[in-house]
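Only one structure is covered here, and it is reproduced in the block below.
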Amino acid sequence: MNASPRPDDSPNAADPKNAADSSGGDDSNPNPDKAHRHFIRQAIDSDLASGRFDAVRTRFPPEPNGYLHIGHAKSICLNFGLAKDLGGTCNLRFDDTNPSKEDTEYVDSIQEDVRWLGFQWDNLHFASDYFEQLYQWAEKLVTDGHAYVCDLTAEQTREYRGTLTEAGRESPGRSNTPEENLDLLRRMKAGEFPDGAKTLRAKIDMANPNINLRDPVMYRIAHVPHHRTGDQWCIYPMYDWAHGQSDSIEKITFSICTLEFEHHRPLYDWYCDKLEIHHPRQIEFARLNITYTVMSKRKLLQLVQEKHVSGWDDPRMPTIVGLRRRGYTPESIRAFCADIGVAKFNSTIDVVRLENAVREHLNDVAPRRMAVLDPVKLTITNWDEHGSPVEMMSAVNNPGDESAGSREIPFSGSLWIERDDFKEEAPRKFFRLKKGGAVRLRAGYIVDCHDVVKDADGNVIEILCTYDPQTKSGEDTSGRKVKGTIHWVSCEHAAEVTVRNYDRLFSVENPDSVAEGKTFLDHLNPDSLSTTTAFVEPALREAKVGDRVQFERLGYYVVDQDSRDDEMVFNRIVGLRDTWAKIASKDGGGQANANSPANAKGKGKGQANCKGQGNGKGNNNDKGKKQS
RNA sequence: UACCCCGUGGUGUAAUUGGCAACACAGCUGGUUUUGGUCCAGCCAUUCUAGGUUCGAGUCCUAGCGGGGUAGCCA
């Protein structure tokens, strides 16, 4: 039951008030007693207080059959976080009991993802390391009359199991003697039988209303090489037979998993009881669902295999590698996981909370830069008066953080500005540039627009302005006030880069909710990626892969790994909050900028209304996919 | 229609375990601002329903309603 004696020198270790709460790394919580303790934390505190356990040992147990996603991040933060907060340990264990689906590719990526998220496991284990011990225990169960070898085919097994409303029937093998079963089991192990010919089953209760207890299969025969044990084994343990026992071997105290395993708990307990081994407590929580995405490994795999995305690390994927490439920071993902809480209620988190988490972090740390995604030329017709063709302007890197310093940006008489930022005839509340109006060029001068040049089709191709020499940013002696400030880049000095503006992968809140004959793929958002060429300020030439910046007034961007010296690629991580888009779409039916090709801030589709469809609470059609 | 779990603002999570329903996000108002960003202030709930216990119920009891899960030799 317990692994080590209770530390007498810390009598209050189990007292909630004394347990250090270092979640998020702040020990400065002004009122630790008030800190929220989710139900798992409460259960742990209670078990520690009662002496049921004397330490916190958790584990994160992924199956290496796919890439980790944001749902796993919730579990990782929970398991590693609990261990950290309570001075315990957390192992990384690969649940590699089904060699036909698993691969070392996933073993490697999972470790990388856990580390990237900022966690370090105490021990690295594989369920396959325990195969011999598991087998010895199986022989013990057989000898004790608690398990038997069954000859039923897979189909027969299903028939014999009964249904949700009817009891099952007993397998003929149930009446074998322990001696017969032992002999059969050894021959199974020795490879005497073909795949599927026999199984080892626990002898429990074919009439139990909990189907998991109707003589569950412990071993199946599969002559399949294992990525770690090679061809050493031809029988492989089932999840229920491997998982709890692996927990027990590692002296795990709290085996935290997702809700689908709730009705496996009686079986988990049964094995530990019959074996009389260290008995961890299994506690289940609700897995994470997020709007506008899917979370099942099967569906993510399908998206990859059918090339709806560029790979597991496509920036639109909810995978950890995808989020990383998208530009999300580990800090923001951890903050998100802390923010959403832990409970048993099957909920769906609004994706804006994830977006908000990364915005919040990047607002603090991302240096500001100027970039024009949908350019139109602005010419300063009186620039001659300035005397020199180029003037270096100083711009702060982060208005909220003085220590971030400033940089120099070349200003000239020929600039690119955002097409959205100009209108010949502007609506009442439009306070950017209009004909006859004035606007401040960020970190530059105030300009007055006096004319425009159009092409044959009537499109504005050049905006003609005069600048006001008295209004230089930081040295303004004019006393003029203008409502708008817009960003710009000097034509001559601009760097040309590729920008990938990512939007949500799906166009509906719950892609899993589909009409007859449709699949989640029918909900793919056709506009989830728009690529454009943009002009950016020269300072950006020095940005390295992985660097994150804020394109002022647009959003946060990261330098993608596809970048080369002669062609940089920026991924949009998330747009800035866009109050103007709201105003514009409210009065005037979105005339302001809803149809800009660059659609720099992702306004418009899908974003505005997260209510209405879907019935709100917990609708998740995905059947039991493990994520803990 | 078997068994298990869950129902607190638009969305999530709390409520000192029976004592003034709180926090965050979203939304709406307004303010500051050389980013329509950030920041600041304000507004936004008959705790699924009906009974019951109690001085007092989101919390306990009963019934109902609603949602989710479970019939792999997957995890």
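Below, chain A is the first sequence line, B the second, and so on; all start at residue 1.
- Residue A/R161 has a polar side-chain atom (N or O) positioned under 4.0 Å from OP1 or OP2 of B/G72.
- Nucleic acid contact for A/Y219: none, since no nucleic acid atom lies under 4.0 Å from a heavy atom of the residue.
- Aromatic pair A/F411/A/Y445: ring centres closer than 6.0 Å.
- Within 4.0 Å of A/Q42, counting heavy atoms only, lies at least one base atom of the nucleic acid.
- Going from atom CZ of A/R265 over to atom C1' of B/C3 covers 14 Å, rounded to whole Å.
- Residues A/K483 and A/D339 both approach RNA chain B. Their nearest nucleotides, taken by heavy-atom distance, put A/D339 toward the 5′ side.
- A sub-4.0 Å separation between OP1 or OP2 of B/A75 and a side-chain N or O of A/T97 is present.
- One can place NE2 of A/H38 at 23 Å from P of B/A22, the figure rounded to the nearest angstrom.
- Put simply, the side chain of A/S473 and the base of B/U34 share a donor and an acceptor less than 3.5 Å apart.
- Note: CZ (A/F345) to C1' (B/U47) measures 13 Å, nearest angstrom.
- Dashed line: the shortest gap from a side-chain N or O of A/T163 to OP1 or OP2 of B/A2 is not under 4.0 Å.
- With a cut-off of 3.5 Å on both pairing distances, the Watson-Crick or G-U wobble partner of B/G27 is B/C43.
- Heavy atoms of A/A242 sit nowhere under 4.0 angstrom from any nucleic acid atom.
- Stacking between A/W580 and the base of B/G36 is present: ring centres sit under 5.5 Å apart and the planes differ by under 30 degrees.
- B/U32: no Watson-Crick or G-U partner with both key distances under 3.5 Å is found in any strand.
- Look at B/U17: its glycosidic torsion is within 90° of 0, and that puts it in the syn range.
- Searching all strands for a Watson-Crick or G-U wobble partner of B/U62 with both distances below 3.5 Å returns B/A50.
- Looking at heavy atoms from C-beta onward, A/T97 lies out of side-chain contact with A/Y236 at the 4.5 angstrom threshold.
- Below the 3.5 angstrom threshold, one finds no donor paired with an acceptor across the side chain of A/H263 and the base of B/A71.
- Dashed line: the shortest gap from a side-chain N or O of A/K344 to OP1 or OP2 of B/G69 is not under 4.0 Å.
- For B/U34, its base sits under 3.5 Å from the side chain of A/R440 at one donor and acceptor pair at least.
- The only member of A/D151, A/D215, A/D205 that meets salt bridge (Lys or Arg N to Asp or Glu O under 4.0 Å) when paired with A/R174 is A/D215.
- Atom CZ in A/F39 sits about 20 Å away from atom P in B/U59, given to the nearest Å.
- The aromatic rings of A/Y557 and A/F551 sit parallel to each other, their planes meeting at less than 30°, with 60° as the upper class boundary.
- The partner of B/U13 is B/A22, by the rule that a Watson-Crick or G-U pair needs both atom distances under 3.5 Å.
- Between B/U59 and B/C6, the distance separating the two P atoms is 15 Å to the nearest Å.
- Of the nucleotides present, B/G69 is the one that pairs with B/C3 by Watson-Crick or G-U wobble criteria, both distances under 3.5 Å.
- With its glycosidic angle more than 90° from 0, B/G31 adopts the anti conformation.
- The minimum heavy-atom distance between A/M206 and A/R201, with the atom names listed, is SD-NH1, 4.3 Å.
- The residue among A/Q550 and A/K198 whose nearest nucleotide of RNA chain B is located toward the 5' end is A/Q550.
- Taking only distance into account, the side chain of A/E260 never meets the base of B/U70 through a donor-acceptor pair shorter than 3.5 Å.
- No hydrogens or angles were tested; on distance alone, nothing pairs the side chain of A/R220 with the base of B/G72 as donor and acceptor under 3.5 Å.
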